[in-house]
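For reference, the structure is listed below as structure tokens.
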Amino acid sequence: MKLNLYVLTPKRIIWDCEVKEIILSTNSGQIGVLPNHAPINTAVDMGPLRIRLLNDQWLTAVLWSGFARIVNNEIIILGNDAELGSDIDPEEAQKALEIAEANLSKAEGTKDLVEAKLALRRARRRIEAVNWIPPSN
């Protein structure tokens, strides 16, 4: 059996294909979705989306929050934004992480602190996507 996965953002279609399995970050933790999963609607948290293709290869993406609907072997994820792991430059991601850490340490005021924490969280998720090692089959 397989799942139909659609990952959509306001800017583009990130994913539209059949897959074996996904692992999705939600506001209550990560969930794994296999064929015949119970129907669920859930908020998507900023974090990784792991995708197991029909050939058993794993891919990763980073979702910047949104909403997911899982029903009848169809997964529709509407995200605010998303980035495929293969599109992330590891060196640029590491630089962004270092900048975010520096900005957090010198943040003054509530607004700066909130923005710095969000930038740091986003940078960490991008690094996590780049460094993820898929399970061996």
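Note: Arg50 CZ to Glu21 CD = 12.0 Å, rounded to the nearest 0.5 Å. Between Ile31 atom CD1 and Ile40 atom CD1 the span is 4.5 Å, to the nearest 0.5 Å. Of the inter-residue distances, the one linking Glu108 atom CD with Leu113 atom CG reads 11.0 Å to the nearest 0.5 angstrom. Taking CD of Glu101 as the reference point, atom CG of Leu120 lies at 6.0 Å (rounded to 0.5 Å). Atom CG in Leu5 sits 10.5 Å away from atom CD in Glu18 (nearest 0.5 Å). Here the straight-line distance linking atom CG of Asp87 with atom CZ of Arg126 works out to 10.0 Å at 0.5 Å rounding.
Under a hydrophobic clustering in which Ile, Leu, Val, Met, Phe, Trp and Tyr are joined whenever their side-chain heavy atoms come within less than 4.5 Å, directly or via other members, Val7 and Leu24 fall into the same cluster. Note on Leu63 and Ile88: separate hydrophobic clusters, where clusters join Ile, Leu, Val, Met, Phe, Trp and Tyr whose side-chain heavy atoms are under 4.5 Å apart, directly or indirectly. Clustering ILVMFWY residues whenever any of their side-chain heavy atoms sit less than 4.5 angstrom apart, transitively, puts Leu49 in the very cluster that holds Val33. Hydrophobic clustering keeps Ile75 apart from Leu78 (ILVMFWY residues linked when any side-chain heavy atoms are closer than 4.5 Å, directly or through intermediates). When hydrophobic clusters are built by joining Ile, Leu, Val, Met, Phe, Trp and Tyr residues whose side-chain heavy atoms come closer than 4.5 Å, directly or via intermediates, Ile77 is not grouped with Trp58.
When all heavy atoms are compared, the tightest approach of Pro35 to Lys20 is CD-O, 3.4 Å. Heavy-atom minimum distance, Met46 versus Leu118: CE-CD1, 3.4 Å. Contact detail for Ile51 and Val19: the closest heavy-atom pair is CG2-CG1, 3.5 Å. The two atoms that bring Ala129 and Val62 nearest to each other are CB-CG2, 3.3 Å, heavy atoms only.
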So Tyr6 and Ile13, side chain to side chain contact (heavy atoms under 4.5 Å, CB included) or not? Walk me through it. CA-CA 8 Å; Tyr6 306 95; Ile13 297 170; over 6 Å; no
Pair Thr9, Arg12 - check side chain to side chain contact (heavy atoms under 4.5 Å, CB included), show working. CA-CA 5 Å; Thr9 72; Arg12 64 186 175 137; 3.9 Å; yes
Using the side chain to side chain contact (heavy atoms under 4.5 Å, CB included) rule, take Val130 and Gln94 through it: C-alpha gap first, then chi angles, then the decisive distance, then the call. CA-CA 10 Å; Val130 168; Gln94 185 61 42; over 6 Å; no
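One N or O on the side chain of Ser25 and one on the backbone of Pro48 form a donor-acceptor pair closer than 3.5 Å. Side-chain atoms of Asn73 do not come within 3.5 Å of backbone N or O of Leu3 as any donor-acceptor pair.
Within the structure, side chain to side chain donor-acceptor pair (under 3.5 Å) contacts touching residues 109-125 (residues at least two apart or in different chains) are Asp45-Arg121.
Counted within 6.0 Å of CG on Asn72, heavy atoms from surrounding residues, nucleotides or ligands total 12 or fewer; the atom is thus considered open.
Using a 4.5 Å heavy-atom cutoff, the side chains of Leu84 and Ile14 are in contact.
Under a 4.5 Å side-chain heavy-atom cut-off, the cluster of Ile, Leu, Val, Met, Phe, Trp and Tyr residues that includes Ile99 has no other member.
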